[in-house]
Structure formats: C-alpha cells, structure tokens
Amino acid sequence: MEQPDGNQNRAILNLGYGHSIKTLAAGLFCFVLALTLCLVQNLSRRALGMVLTFDSGHYLGSAQQVYILVKHLIDAGMTGSLKELLTPLGPNLLLDGPILPILVSCVFLVIGKMPGVADGVMLVVLQSILHAASALLVFFLGKQFTGQIKWGLVTGILWASYPSALVGAGKFLPETLITCVLSMQVIVLSQLVRFREAKVKITCLLSFFLGCLTGLVFLLKAALAPAATVIDLLALSVLRTNKRKFVFLSCVLIGMSIFLVPWATFTYVTSGHIHLTPQRMPVLNVVSGLDLEMDGWEPIPQSPLVRMFTERDSPLATEVGLWASNPQKSLNLVLRKLPRLWENPWNDFRSSCLKIPVGIQKWWHQLLCLFAVYAAFLFFCMIPSKASHNQAPSSFIGYASVILILWHLVVYSLFISTPRYAFTAMPFVVLLAGFVLSKVKIRNDLLAILAVILTGALFLALCQTSLTPYLAYCSRHPMILAWLNFAAKLIALLVSLGTATCAARTIGRLKTISSAGKIALVCILAYCLAVMFAFTTYGTSINEWSCKVRPGMSALRKISLSHLRAPDTRKPKWALILLDGDATSTDAVVLVNEKPLSDRPRPIRFYRSSDDGVILSGILANLVRQPEENIRQWRAVQVPVDLLDASPSITISVCSTTHPFTIYGDYPSSLTDALVIPSLTLFSPTKFLSTPDMLDGRLTTMWHNQSLSNALSWLADGSHKEAADLSSCPGIQFGQYRLFLILGYGEDGTPNVLSKDIGLL
C-alpha cells in the first residue's frame with residue numbers, strides 16, 4: 001500500500017484544515033459572533049434571574065458538592081475511606097452525571113471560590129463560551145460537508161445565531177456542552193475516514209480521542225450513547241485492514257475506559273451497582289412517556305400509574321410491560337409525540353431573543369427543520385454509486401447527521417417528549433440546512449427553492465390548523481370529519497414531496513433520482529403518513545374554538561335537571577358554574593334563569609386545595625412574565641343549590657359588561673361520544689413549557705355521561721349575528737361553548753373540584 005508523503009502527514013496532524021487564513025478567520029468570526037450574541041442575550045437582569053431555575057439549580061448543587069470534595073482533598077489530603085468521601089456525592093451525581101459539575105467546579109477552583117446562586121454571570125460566561133465553541137465546530141463541519149469555506153461560514157452563522165441555542169446557553173444545563181462533544185465526535189470520525197490509509201499512529205491518536213469523546217457522551221446524555229456507538233461503528237466499517245480495525249477498536253475502548261471505569265467505580269461505591277451512564281430517573285420517564293391516560297405528559301400531581309413504579313424497577317421490563325398492555329394505543333401515542341420534539345423550539349420561558357418574539361422564533365425553527373428534511377432527501381439523491389476518496393468525509397458527515405437526528409426521534413418518543421430533548425440534534429439540522437443552501441444557484445434555482453419553501457410551509461400550517469369548521473359543511477359525523485382532515489393534509493403532503501422531488505433534480509443537477517433517494521422519499525412519506533394517521537384515529541383530541549363576547553352580548557347554555565327530580569336520586573350538596581374563558585371573563589355577570597349571581601367567576605384554584613399543581617402554575621406564570629390570571633384555566637362561580645330545585649331545567653348565561661371577554665369551545669371532531677374537555681385538576685408543567693405559543697398546561701379529560709348531542713349552547717338573541725357564534729348545524733359555526741354545571745355530592749357542602757364524587761352537566 002502506498003504510504004502518504006510528509007505533506008499529507010502534516011495535513012493529517014492539522015486535522016485536514018491546514019493553516020488557511022480564510023478558514024481561521026471564518027472560524028474565529030463564528031466563535032466571536034456566537035459569544036457576543038450569547039452575552040448580549042443572557043446578561044440582562046431577567047435572563048440572569050432564570051439561570052438556575054429547576055434542573056439548573058440541581059446541577060449547581062452537584063457542582064458545589066464536587067467543589068467541596070476537591071477542596072477538601074487539596075487542603076487536607078485523603079482522610080477517611082473512599083466510600084466515606086464519595087457517598088455524599090452519590091445521589092446528586094448519579095442523577096446529573098459527573099461532567100458538567102466537575103467542569104464548573106474546576107473553573108471555580110481556579111478563581112478560588114465555591115459556585116453559588118450569586119455567580120450567574122460566571123455561569124453564563126462559561127455556557128456562552130461553550131456555545132461559541134460549538135459554533136466554531138459547526139463551521140468546520142459545514143466547511144467539510146459542503147467543500148467550501150463560505151458555506152461553512154453560513155452554517156456556522158446559522159448555528160451561532162439560532163435563538164434556542166442563545167436562550168439555552170443562559171441555563172446551567174448540559175445541552176450546550178453536549179452539542180460541542182457531538183460535533184467534535186463527528187469531526188474526528190470524518191478525519192478518520194479521510195485519512196484511513198495514513199500512518200497507524202495517526203489512526204491510533206484519532207481513535208483514542210474518539211473514545212474519550214464517546215465516553216463523554218455516555219456520561220452526559222445516556223439516551224444518546226447508542227447513537228454515538230453506531231457512528232463509531234460506521235467509521236470502523238470503512239477501515240480496510242484488520243490491523244487498522246484492531247487499532248481503532250483498542251484505542252476507542254481505552255479512551256472510553258478513561259471516563260467510564262472511574263464512573264463505574266464511583267457508582268458501585270456509592271450505590272452498590274455498576275452503571276455506565278447517569279441514572280436520570282429512567283423509570284419515571286418511561287412510565288410518564290407511555291401513560292395513556294395522561295397522553296404521555298407528566299402531570300402534577302403524579303398520575304396513579306406513575307405512583308405504581310419506583311426507580312428500583314427495570315426500565316426495559318417496564319417499557320415492555322407498558323407496550324404489551326396496549327400495543328395499539330401505545331404506538332398511536334408514540335407517533336403523536338414525535339411532533340412534540342420538533343414542532344416548537346426549546347424556549348421554556350418564552351423569552352424573546354435579541355428582541356425576536358417567540359412566534360418568529362417558532363417559524364425560524366420550523367423552516368430550519370424543513371430545510372433539513374429536504375437536505376437529507378437531496379443528500380441521498382446525490383449519493384454516487386461509489387464515493388471517491390475525497391468525497392468520503394463529506395458523505396460520512398451526512399450519514400452521521402442523519403443517524404443522530406433519527407436516533408433523537410426514536411429514543412425520545414418513548415419518554416416524555418419535549419423540545420429540550422431534540423435540541424442536541426439541532427446542530428446537525430442546521431448542518432443539513434446549510435448543505436441544501438450550498439447547492440442552490442440563485443439565478444437558476446430560485447423558483448425551485450421558493451416552491452419547496454411555500455409547499456412545505458403550507459403542509460406545516462395545515463398540520464397545525466383544524467380544518468373541521470370548514471369541512472363540517474360536507475358532514476357532521478365525527479369519523480368522516482376526521483378522515484376529511486386526513487385527506488386534505490395528505491394532498492398537501494403529496495404536493496410538498498412532489499415539489500421537493502422536482503427541486504432535488506433541479507438543484508442537484510440530476511437526471512434521475514438514485515435508489516437511496518427513492519428509499520429516503522418513501523421513508524419520509526411513511527413517517528408523515530404514520531403521524532397523520534395516528535392523529536386521525538386519536539379519539540380525544542380537542543379542536544379549539546374561541547369567540548369574543550362583547551358588551552351587551554351573552555353566552556348561554558340550557559341544562560335539563562329532570563333526572564334530579566326522581567325520589568331515589570341523591571341531592572347535590574354544592575354546585576358550580578364552570579366557564580372556560582380568558583382573564584377578562586372574571587368581570588362577567590353570571591345569570592341562572594335570568595337571576596344574576598352576586599359572585600363573579602374566579603379561577604378554579606379557589607375551589608380546590610392548594611396542591612402542587614396550583615403552586616407550580618403560579619411559579620411558571622411568574623417565569624413567563626404573565627399574571628397568574630392570564631394562564632388558561634377554568635373559571636367558576638358558586639350557585640346556591642336551592643336555585644336548582646326551582647325548575648326542571650336551567651339556563652345559564654354569561655354576560656359581558658364593560659369589557660369584552662373570550663369564551664372557548666370546540667368542534668365535535670373526536671371519535672368518541674364522551675365529552676372531551678381540558679381537565680379541572682390535572683396540570684402538566686411539561687406541556688406548559690413545550691408550547692411557546694400557548695399558556696395552557698391542562699391535560700384533557702373525558703366525561704362519559706356527556707356528549708354534544710345533548711349540549712345546547714349559543715349566543716343570546718341579538719348576538720347571533722356575530723360570525724363567531726356557534727350553532728348545532730354543520731358549517732364553520734359548528735360546535736359548543738365550554739359552559740357547564742358541576743354538582744358535588746360529598747358530605748361537606750364546601751365546593752371542591754378535587755372531590756371524587758362530582759358530576760358534570
């Protein structure tokens with residue numbers, strides 16, 4: 001075999017990028033840009049006030065414990081047994097992993113102080129440097145992937161300015177560090193592929209470094225450890241001789257053992273069990289993610305299913321058992337959870353980013369994801385039958401990016417799916433977006449790329465829009481409406497993919513689509529169809545409707561109470577009128593049979609004990625800078641029980657006074673006869689934080705004794721001319737308002753919606 005000359009070896013030692021002034025300048029620009037934007041975004045008073053919220057505070061506690069231990073060892077040496085020294089660290093580090101706490105404690109050891117809640121600026125600077133480093137690495141990946149410095153610069157700028165990355169760097173969490181490690185791992189792997197015929201000692205050095213990075217992935221993000229292993233094996237497959245493969249495996253294992261052996265020893269000493277990854281409550285994540293009653297969200301208070309399990313149970317056995325109990329519904333849930341990862345950017349507290357509002361951030365994020373899908377398709381369309389030596393690193397970066405993104409889809413759909421979990425794949429989403437941009441020639445391909453964007457955006461918009469009020473002109477049968485929705489979105493999908501296929505041939509200058517491209521197209525189509533089908537056959541979705549009730553208008557509901565007249569029927573002890581309205585609905589006047597009640601609607605938390613859900617919703621309202629009244633919640637007003645005895649039916653009306661208010665309703669689009677409404681008691685912080693365009697953390701609940709057929713709700717005479725009114729006839733006004741009567745049968749006459757003995761009319 002021909003040996004590389006000295007010049008090639010020098011290029012290898014420089015990781016293949018040489019000392020190009022343009023390359024260094026472009027990389028430095030990406031680093032400085034990312035660092036500057038991070039500091040500008042996260043050094044404001046409000047951003048600093050949220051650096052240590054929730055999980056971030058827990059990571060700080062772990063860093064403090066590590067600092068105390070290391071400081072003790074430096075000052076006093078080894079006193080006591082190893083177990084006595086390490087045991088206090090066990091609970092926190094087993095949960096958080098050792099890497100981020102050790103990194104931060106080392107930084108603070110240098111400056112001679114223990115990290116604390118007053119050190120938010122220092123933590124932000126550290127996280128900003130990590131994001132800047134990841135922008136530099138993404139630039140190098142983009143340059144290698146596209147073959148041009150300018151498109152590597154575009155890719156680096158896209159990641160450096162990505163709003164979620166900037167906002168995320170303002171939290172003391174490991175996600176920013178993980179993006180650095182994964183990006184560096186792909187860079188090292190691409191160089192192994194590029195110089196697979198270089199001297200063995202170069203392969204040995206790169207393989208050892210790769211093993212260290214893989215070990216870091218194991219200790220930073222356990223769920224990504226299999227994906228890191230797979231792309232390592234992908235590099236192994238391109239090494240041609242058994243000698244190089246043996247050297248590669250040996251050096252990778254040695255590099256991994258440097259991190260994993262001490263960690264395994266630590267876990268055995270502190271817990272009595274050997275673990276190769278942090279234990280971030282896997283059983284809780286599995287059970288909550290597959291809790292059919294809670295639709296895969298984590299509620300507060302915990303659901304009965306979650307309380308049945310502990311972390312002493314086996315995560316794998318728990319997963320298999322939950323799937324075996326109801327495989328069809330579990331599959332439906334998993335498919336519907338996939339959009340939760342990518343539909344919204346990671347921005348828990350709805351922070352504006354450099355004055356960019358959350359709504360624009362969402363579209364920015366979705367367009368990047370759309371470009372990534374098209375780029376993956378274009379990449380596979382352009383794969384030659386046999387890649388040249390120079391093309392191998394670029395192809396490998398493409399393969400690794402697709403593998404990492406797909407693994408995020410697969411593994412996190414089994415747990416509680418949130419945008420935070422998908423964030424660590426976003427550098428590779430940006431990388432693919434930069435790839436497709438690099439193939440576009442503005443003069444020749446402008447129409448093609450515009451057609452792709454418009455049809456893709458149309459499909460995304462239709463997937464997030466309820467077409468029920470328009471399709472109801474055709475039929476009012478819930479199942480037919482559901483399938484009409486599916487058909488409309490399927491047409492949009494086919495148009496989008498057809499446009500993408502034509503654009504791929506135009507942009508890629510291809511005469512035909514390769515076999516790999518056809519397989520990729522089928523996979524994309526199958527994925528979209530599976531997700532849309534899951535939503536179509538899900539029976540408890542809510543398609544929401546809202547109506548502005550202006551001064552002089554009123555919403556009404558007529559309820560039959562004839563069943564309460566039976567002699568053997570229990571009499572209610574208390575009654576509440578429930579209204580799903582916005583904050584201004586607390587000024588509305590409620591009438592029962594045209595008799596006004598003295599009380600005004602107030603949040604339902606006043607009619608339930610002060611549990612964790614109530615407390616947490618107030619905390620989250622403060623973090624998103626909203627009054628607690630503005631959070632979407634039920635409003636209620638107490639009704640004297642004797643009013644219910646005066647008539648076999650009652651008419652409830654809610655009248656607007658000086659201020660208009662919004663009342664919410666829904667379309668009869670579910671596939672069940674039960675009434676499906678937002679829960680009166682279950683609040684999910686995970687859902688609240690995962691939907692940046694809403695302020696609603698309520699889960700859905702089903703009342704099997706209610707259906708639309710016996711619900712009569714409308715706007716009062718004189719108000720029905722409003723185009724927003726609902727009606728019982730098919731069409732755009734088809735549905736019902738959420739205005740109900742709740743009856744309590746407990747012994748105590750004090751209203752409490754947490755009581756199990758209640759009924760809804």
Side-chain angles (χ1 to χ4, degrees), residues 545-566 569-582 584-602 604 607 634-668 675 677-678 680 703 705-722 724-729 733-745 751 753 758-761:
W545 169 274
S546 64
C547 172
K548 184 72 72 174
V549 181
R550 296 179 175 83
M553 297 170 57
S554 58
L556 298 92
R557 181 180 179 91
K558 187 175 182 180
I559 301 173
S560 173
L561 299 177
S562 57
H563 67 287
L564 296 179
R565 301 296 178 272
T569 301
R570 289 188 302 162
K571 303 302 179 184
K573 301 295 184 180
W574 52 267
L576 292 174
I577 290 175
L578 292 179
L579 165 67
D580 192 7
D582 63 358
T584 55
S585 63
T586 54
D587 294 328
V589 175
V590 179
L591 298 91
V592 177
N593 289 338
E594 301 184 356
K595 295 180 180 180
L597 300 179
S598 57
D599 295 335
R600 299 295 177 92
R602 57 179 182 168
I604 200 171
Y607 298 102
W634 288 96
R635 322 278 166 168
V637 60
Q638 188 170 359
V639 182
V641 177
D642 55 3
L643 283 180
L644 307 180
D645 298 329
S647 174
S649 65
I650 63 169
T651 300
I652 301 171
S653 57
V654 183
C655 306
S656 177
T657 54
T658 57
H659 303 289
F661 69 89
T662 299
I663 184 172
Y664 296 94
D666 51 81
Y667 309 113
L675 176 66
I677 59 173
L680 308 181
W703 293 79
N705 60 341
Q706 286 288 324
S707 66
L708 183 69
S709 59
N710 59 16
L712 300 176
S713 58
W714 67 97
L715 294 183
D717 292 341
S719 306
H720 65 276
K721 294 182 180 179
E722 284 288 328
D725 191 14
L726 294 176
S727 73
S728 58
C729 300
Q733 297 169 286
F734 186 31
Q736 69 167 338
Y737 296 118
R738 298 195 192 118
L739 185 59
F740 302 106
L741 178 68
I742 186 170
L743 303 177
Y745 296 92
V753 295
I758 60 176
L760 189 69
L761 296 174

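All values below were derived from every heavy atom in this structure, side-chain atoms included, with hydrogens, water molecules and symmetry-related copies excluded. Position 1 is the first residue of the sequence, and the numbers go up from there.
Counting only heavy atoms from C-beta outward, the side chains of Ser554 and Ser656 never approach each other to under 4.5 Å. Residues Pro601 and Val590 form a side-chain contact, since some pair of their non-hydrogen atoms from C-beta on lies under 4.5 Å apart. Under the 4.5 Å side-chain criterion, counting only non-hydrogen atoms from C-beta, Ser649 is in contact with Lys558. In this structure, the side chains of Trp574 and Ile758 come closer than 4.5 Å at one or more pairs of heavy atoms. Counting heavy atoms from C-beta on, the side chains of Leu576 and Leu743 never come closer than 4.5 Å. When side chains are defined from C-beta on, Val592 does not count as touching Thr651, because their heavy atoms never get closer than 4.5 Å. Side-chain contact between Leu643 and Leu597 is present, with heavy atoms from C-beta onward closer than 4.5 Å. Looking at heavy atoms from C-beta onward, Arg602 lies in side-chain contact with Tyr607 at the 4.5 angstrom threshold.
For the pair Ser585 (side chain) and Asp580 (backbone), a donor-acceptor distance under 3.5 Å is absent. Proximity of a side-chain donor or acceptor of Arg557 to a complementary backbone N or O of Leu739 within less than 3.5 Å is detected. The backbone N or O of Pro678 lies less than 3.5 Å from a partner atom in the side chain of Trp634, making a donor-acceptor pair.
Atom CG in Leu591 sits 9.0 Å away from atom CG in Leu556 (nearest 0.5 Å). Distance check: Ile604 CD1 to Arg635 CZ gives 10.5 Å after rounding to the nearest 0.5 Å. To the nearest 0.5 Å, the span separating CH2 on Trp703 from CD1 on Ile677 amounts to 6.5 Å. Leu680 contributes atom CG, which lies 6.0 Å from atom CG of Leu578 (distance to the nearest 0.5 angstrom). Taking SG from Cys655 and CG from Asp587, the interatomic distance works out to 13.5 Å, rounded to the nearest 0.5 Å.
Between Thr584 and Pro660, the shortest heavy-atom distance links the atoms OG1-O, 3.1 Å.
Partners of Asp599 under the side chain to side chain contact (heavy atoms under 4.5 Å, CB included) rule, at least two apart in sequence or in another chain, are Val637. Among residues two or more places apart in sequence or in another chain, the side chain to side chain contact (heavy atoms under 4.5 Å, CB included) test is passed with Arg600 by Val589.
Judged by distance alone, the side chains of Thr662 and Lys548 do bring a donor and an acceptor atom under 3.5 Å apart.
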* For Ile652 and Phe740, run side-chain contact (heavy atoms from CB on, under 4.5 Å): C-alpha distance rounded to whole Å, both residues' side-chain angles, the deciding distance at 0.1 Å, then the answer. => CA-CA 8 Å; Ile652 301 171; Phe740 302 106; over 6 Å; no

* side-chain contact (heavy atoms from CB on, under 4.5 Å) between Ile650 and Leu644, intermediate numbers included -> CA-CA 7 Å; Ile650 63 169; Leu644 307 180; 4.0 Å; yes

* Could you walk me through whether Leu760 and Leu741 pass the side-chain contact (heavy atoms from CB on, under 4.5 Å) test, one step at a time? => CA-CA 6 Å; Leu760 189 69; Leu741 178 68; over 6 Å; no

